[in-house]
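Structure first, then comments.
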Amino acid sequence: MSSRYERMWNELGLDIPAHDNLLKVLGQFYGDIYLSQQGRLRGAEYLDFVLSEVHGLRIQELLEAKANGKKVVGTFCVFVPEELIWAAGGISVGLCAGAEIGQAEAERVLPRATCALIKSFMGFKLGRLCPFFESSDLIVGETTCDGKKKAYEILEEFCPVYVMEIPQRKEEVDRVLWRQEVLRFKKRLEDLTGVSITADRLSAAIRLINDRRRVLQRLNSLRKAVPAPISGRDVLLVNQISFYDDPSRFTQKIGELCDELQERVAAGAGVVPRGTPRLMLSGCPMAVPNWKLPFVVESSGAVIVGEESCIGTRSTRDLVAEDGRSIEEMIDRVVDRYMKIDCACFTPNRERIDHIVEMATGLEVDGVIHYSLQFCHPYAVESYKVERALEKAGIPLLKVETDYSMEDVKILKNRIEAFVEMLRDRV
Ligand code: BJ8
């Protein structure tokens, strides 16, 4: 890919040697974790292709769109209502924040004891390593956790940043605030793109993003089958790709993958033998290329059948109601849908605990792994409530706290193997 796109990367101002190195490491990592899997679906070729072109073809598409007057908007959180971005004629991309990259640069401006996701996005920017970042006309941040909101104050010294105020509670007064924020965002997008968000445009964007969520809901419901028909690693990749691929193309391709999966399920076939312990992951999001934990889990004799996470069901569970007729009604539907997000940054956050138990039960999992990034207080603290609720439901839990480095892989593997062994004895 390197020589074909080098000119484009140069024009974007990337640090070419460091970026070449990143792609090399990513390719090796992908080969070890993904291409080594047995029994993958034919539809996985699409995943391999998208990943192999992650900094190539997709960036070329974005730059072509920009040349035709479109604006690219980069985001870090599923709280940013992307329907508005598409309705304003923009292109929404979820930015990479899943690699231990540009650490030294990031630690020049951030404390060492900062969550890996925040350090990663800062590292990608300061190290000039992410062509999505460099293609973005605007970065949208949000006041979720303290680390992120303070990091955006630093990030805005290096690129245009707009921050949305996210409520911390779900009372009526919070909804009022959030509605105002959604309207403020609408105005900011209209100023950026020069396009007015009309009822027709917003209605089309709501359907576009709902369709993408529906296909992911279909994929997740097929995973209820026993034996598990697809690996958790592949589904994580599908979820990750959903944040930056063209939504229509993605929906179509994942629809085809689901058709194939459905045939597999109908034939009673699986990607793993019947009796393989079924696990669910719950907690912090796993941004590209954070594949460490799923790889460790699935190379320890278990299979992942669900992800309670923003790069998982938290971003696909709820649709925007499509019955709004006027722009005001549609904004209300958007506001209501996003207020349902059960991020651990909310207090109280009972819905998340209920969702976890409901999801674990529905997927017939043998156990749950709660995943927190080091220094992520919202998820680490909330894991206490998760543990208690799962204990009550009789579902075993393993709590894992880690980062993006490979240093703890051995320790993680030992702990997860022991957990899987314990689950086998219970089956
Ligand atoms: S809606 S989960 S995407 S904020 S892991 S940076 S919380 S210290 S990412 Fe998130 Fe939006 Fe919530 Fe989802 Fe902070 Fe924790 Fe780091 Fe995190």
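Whatever order the structure lists ligands and atoms in, that order sets their numbers, starting from 1. Quick caveat: nothing in here was measured; it's all calculated off a predicted structure.
- Taking 2.8 Å as the limit, the number of protein N, O or S atoms around atom 15 (Fe) of ligand 1 is 1.
- For the pair Arg218/Gln262, a side-chain contact is recorded, criterion being any heavy-atom separation below 4.5 Å from C-beta on.
- The side chain to side chain donor-acceptor pair (under 3.5 Å) pairs that include a residue from residues 279-289 are Ser282-Glu308, Ser282-Arg352, where partners are two or more places apart or lie in different chains.
- Proximity to Cys77 (heavy-atom distance under 4.0 Å) selects the following atoms of ligand 1: 1 (S), 3 (S), 4 (S), 11 (Fe).
- Atom 13 (Fe) of ligand 1 has as its closest protein heavy atom Cys310 SG, 2.2 Å.
- Close contacts of ligand 1 with Cys343, meaning ligand atoms under 4.0 Å from a residue heavy atom, involve 1 (S), 2 (S), 4 (S), 12 (Fe).
- Between Val400 and Ser372, the closest side-chain pair of non-hydrogen atoms is not below 4.5 Å.
- Atom 17 (Fe) of ligand 1 lies below 4.0 Å from none of the non-hydrogen atoms of the protein.
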Between Gln252 and Glu256, is the side-chain hydrogen bond (donor to acceptor under 3.5 Å, both in side chains) condition met? List the steps. CA-CA 6 Å; Gln252 192 209 322; Glu256 290 166 14; 2.8 Å; yes
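- Residues Ile118 and Leu110 are in side-chain contact: their nearest non-hydrogen atoms beyond the backbone lie under 4.5 Å apart.
- The atoms of ligand 1 that sit less than 4.0 Å from any heavy atom of Pro285 are 2 (S), 9 (S).
- Using the six-membered ring where Trp is involved, Tyr162 and Phe185 have ring planes that are parallel, under 30° apart on the 30 and 60° scheme.
- For the pair Cys145/His377, no side-chain contact is recorded, criterion being any heavy-atom separation below 4.5 Å from C-beta on.
- Taking the side chain as every heavy atom from C-beta outward, Val365 and Val368 approach each other to under 4.5 Å.
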